[in-house]
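Have a look at the structure below before the remarks.
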Amino acid sequence: MKMPHHALEIILTRPVAPSELRHATRAVPLAANHDATRLMTVWPAKTPSRAAHRLRRHVSDRLPIDVITSHYPDASGQVLLNIAFPPAVHATIRQAAHQAGQSPDHFVKLALHRALTQHASDEADRLNRAVRQLLAGTTAAHLLTAVGHVLTRTPGAAPA
């Protein structure tokens, strides 16, 4: 049976120089984004988690890796995050997880979920305030027309 391959994205702590990227691509086939802060690769392993772990071990001495993620969500819609915490941070997480009666992985997963939920709520509130402020000086129809014009002229926006 052939080993499955997993699409992984590497988010770097800083842009890499062309020479660093060439050095890394000698070990791993990589595709870089426009500013060389994100890389894509396909890596063999039984699971996405194992693929990310093995990829990190294979290239961590060649690249300033911040996070490795699975490029595609799993069947539950979840994206894998592979983060290598420094020992002091790892110890703090272990201690906090122990106090909460959770495993470190579960503790981090819940903390991340809470933070993302809070961020989404804050962003929705911010947008609601901005729209209310705009509507104080115009009509809904004019605002929608203006938004439509901006979206159809914004680079990267979906075609009308």
Side-chain angles (χ1 to χ4, degrees), residues 6-22 24-25 28-43 48-49 51-53 55-56 59-60 63-86 88-97 99-160:
H6 304 277
L8 300 173
E9 183 172 3
I10 303 168
I11 295 100
L12 304 171
T13 59
R14 61 172 172 76
V16 291
S19 61
E20 289 176 293
L21 187 56
R22 275 193 307 279
T25 57
V28 177
L30 297 167
N33 70 335
H34 70 283
D35 64 357
T37 57
R38 298 164 76 119
L39 308 171
M40 289 293 302
T41 192
V42 178
W43 200 252
S49 180
H53 180 75
L55 176 63
R56 181 179 291 277
V59 296
S60 63
L63 295 168
I65 298 173
D66 190 15
V67 178
I68 298 175
T69 70
S70 54
H71 186 64
Y72 299 108
D74 64 13
S76 305
Q78 301 291 307
V79 173
L80 169 82
L81 292 177
N82 176 285
I83 305 168
F85 293 114
V89 172
H90 201 329
T92 301
I93 291 170
R94 272 196 317 272
Q95 181 182 9
Q99 289 174 349
Q102 300 167 346
S103 72
D105 285 347
H106 188 67
F107 179 81
V108 169
K109 183 177 181 177
L110 289 176
L112 184 59
H113 179 73
R114 281 192 302 271
L116 291 172
T117 300
Q118 183 63 51
H119 175 73
S121 175
D122 292 349
E123 181 67 1
D125 290 345
R126 183 188 70 78
L127 289 172
N128 284 334
R129 286 190 305 275
V131 168
R132 279 195 299 274
Q133 185 177 6
L134 289 168
L135 285 172
T138 190
T139 66
H142 286 138
L143 179 59
L144 285 174
T145 300
V147 168
H149 283 289
V150 169
L151 290 176
T152 58
R153 289 172 176 76
T154 302

Show me the side-chain donor-acceptor pairs of residues 105-117 shorter than 3.5 Å, one per line, residues at least two apart or across chains.
unit_1	atom_1	unit_2	atom_2	d
Thr117	OG1	His113	O	2.9

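For residues 136-148, the side chain to side chain donor-acceptor pair (under 3.5 Å) pairs, not counting sequence neighbours, are Thr139-His142.
Scored by the salt bridge (charged side-chain N to carboxylate O under 4.0 Å, His left out) test, Arg132 finds no partners at all (sequence neighbours excluded). By the side-chain contact (heavy atoms from CB on, under 4.5 Å) test, Ser76 is found to be paired with Asp74, Gln78, residues two or more places apart in sequence or in another chain being considered. Arg126 meets the side-chain hydrogen bond (donor to acceptor under 3.5 Å, both in side chains) test with Glu123; sequence neighbours excluded. For Val42, the side-chain contact (heavy atoms from CB on, under 4.5 Å) partners two or more places apart in sequence, or in a different chain, are His5. In this view, Arg14 and Glu20 satisfy the salt bridge (charged side-chain N to carboxylate O under 4.0 Å, His left out) rule, not counting sequence neighbours. In this structure, the side-chain contact (heavy atoms from CB on, under 4.5 Å) partners of Leu135, at least two apart in sequence or on a different chain, are Val131, Ala140, Leu143. Remark: Gln118 pairs with Asp122 by the side-chain hydrogen bond (donor to acceptor under 3.5 Å, both in side chains) rule, at least two apart or across chains. Residues passing the side-chain contact (heavy atoms from CB on, under 4.5 Å) test with Thr92: none are found, sequence neighbours excluded. Qualifying salt bridge (charged side-chain N to carboxylate O under 4.0 Å, His left out) partners for Arg56, counting only residues two or more places apart in sequence or in other chains: none.
Pairing each heavy atom of Ala24 with each of Leu30, the nearest pair is CB-CD1, 3.8 Å. The minimum heavy-atom distance linking Leu80 with Pro48 is given by the pair CD2-O, 3.4 Å.
To the nearest 0.5 Å, atom OG1 of residue Thr69 and atom CG of residue Leu8 are 7.5 Å apart.
With contacts defined as side-chain heavy-atom distances shorter than 4.5 Å, the pair Leu12/Asp66 does not qualify. Between Pro29 and Thr41, the closest side-chain pair of non-hydrogen atoms falls below 4.5 Å. Looking at heavy atoms from C-beta onward, Pro15 lies out of side-chain contact with Asp35 at the 4.5 angstrom threshold.
In terms of modelled atom types and a separation under 3.5 Å, the side chain of Asn82 and the main chain of Ile68 share no donor-acceptor contact.
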